[in-house]
Amino acid sequence: MPLVMCIAAARPNFMKIKPVMDALEARGADVALVHTGQHYDAGMNDVFFRDLGIRPPDHHLGTGSGSHAEQTGRVMAAFEPLVGREKPDAVVVVGDVNSTLACALVGAKAGVVVAHVEAGLRSRNWGMPEEINRVVADRVSDLLFAASPDAVDNLRTEGYHEDQIHLAGNVMIDTLLTNLDRALASDVLARHGLTPGEYGLVTLHRPSNVDDPATLDAILGALAQISASLPLIMPVHPRTAARLDGRSPAGLTLTPPAGYLDFIALQAGARMVLTDSGGIQEETTALGVPCLTLREETERPITITEGTNILVGLDPTRIVETAARVMTDPPAKRCPALWDGKAGDRIADALLAYLGSGTRLRPTQLRPGARV
Ligand code: UD1
């Protein structure tokens, strides 16, 4: 059976790679879990391995934090000799973090089949590091596994070949559905004195929202106003903790980053979620919980057209007014097709069929006339 290297690096990767690993192993593939070390704190890493029952990585690259170039470069330099030594048949990367890009580049240059899970998402905001990671990772991948039809449309528009594109569904929702009962059994609400349906959950970590003090203060001002009618709890990402530098913003209960099960429980019990995360837009849609996305654009438009997400932007007045409206008139609960718990199975089937077919697309050219 083929050797498939599955890459995990940062907090949002762990719940995406687990269902793919499980489905590959259930079909007899030899799976090697590679952790790049992009996230390393217990609260950003270990708790996810524990909550999700992910086995310890077979290889840990220990690369850690740094500037974009340092982080991407360190992962590439550490991953390349591993690929040379282990000679995997395929490398599976998920999402859009720096390690996703680094490992996709190394795999492609080593001539290994590269599969990108969560392909085709586009924010069309080139100022967002993840957008660059997504576009380039897609471009060097052999197989593109999309979570939604809009992502497939993006890939078609950019000229990718039909053979490369697979509408597989959403692996993050596989993990959500697998773990929902365990998550709902968490006592996290009681621990924080929260009543289901009577609090809002906040997360903020995008550099564009937290790195500029004026932007961060404007968002915190809006949250303080909302907290007058809805208590707000915010698990704080290390990047945001560094920017707050010990400050306690008005109206917000701050907590350390939450583990996977506790965080799903916090989402499920919330009256609304206010976030700049990508994955949380998807999880709230699957849970049917209103989500206000504090960004000007989203790469996940299906959570708006077929979910509970509202793109609210960064204008404080608009944030406060939208939150007030959602309290009385929440968006309808809907969930996109193929967000059904079976995405990992579809990905494993397609990848193993491709590896077993003996053909190699190695698409070096996009469709003639394509726009990228
Ligand atoms: C990264 C991803 C982002 C993802 C986010 C989820 C990129 C470009 N960004 O952003 O897409 O949404 O992860 O969390 O890959 N730090 C710790 N402990 C850790 C990890 C990081 O304290 O375990 C601190 C470090 O000071 C580091 C900072 O957080 O400099 C930012 O970490 P980094 O991985 O560079 O980016 P994120 O903001 O986490």
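The residues of the chain are indexed from 1 along the displayed sequence. Counting convention: from 1, in listed order, for ligands and their atoms alike.
For atom 28 (C) of ligand 1, no protein heavy-atom neighbour is found at a distance under 4.0 Å.
H39 is linked by a ring pair (Phe, Tyr, Trp, His ring centres under 6.0 Å) to nothing, counting only residues two or more places apart in sequence or in another chain.
Listed by number with element, the atoms of ligand 1 under 4.0 angstrom from any heavy atom of P238 are 16 (N), 17 (C), 18 (N), 22 (O), 24 (C), 29 (O). Proximity to Q71 (heavy-atom distance under 4.0 Å) selects the following atoms of ligand 1: 34 (O), 35 (O). Atoms of ligand 1 lying under 4.0 Å from any heavy atom of P12, numbered from 1 in the order shown and given with element: 6 (C). In summary, the atoms of ligand 1 found under 4.0 Å from a heavy atom of M44, numbered by their order in the structure, are 14 (O), 23 (O).
Closest to atom 9 (N) of ligand 1 among all protein heavy atoms lies E130 OE2, 3.5 Å. Among protein heavy atoms, the minimum distance from atom 19 (C) of ligand 1 is reached at Y40 CZ, 3.5 Å. S65 OG, 3.4 Å is the protein heavy atom nearest to atom 25 (C) of ligand 1.
For the 3.5 Å distance criterion, the side chains of N98 and N133 qualify, holding a donor opposite an acceptor.
Nearest-heavy-atom check against atom 12 (O) of ligand 1 across R206, H205, H68, Q38 picks out H205. Of all the listed residues (H39, R11, E70, R239), H39 holds the heavy atom that lies closest to atom 39 (O) of ligand 1.
Between C103 and V75, some side-chain heavy-atom pair lies under the 4.5 Å cut-off. Counting heavy atoms from C-beta on, the side chains of L338 and N170 never come closer than 4.5 Å.
Around CD of E80, the count of heavy atoms belonging to other residues, nucleotides or ligands within 6.0 Å does not exceed 12.
Interatomic distance, CZ of R239 versus CG of L244, reported as 13.0 Å (0.5 Å rounding).
Clustering of Ile, Leu, Val, Met, Phe, Trp and Tyr by side-chain heavy atoms under 4.5 Å joins I304 with L311.
Every N/O-N/O distance between N133 and ligand 1 stays at or above 3.5 Å.
Note on ring orientation: taking the six-membered ring where Trp is involved, the planes of F49 and H35 are parallel (angle under 30°, cut-offs 30° and 60°).
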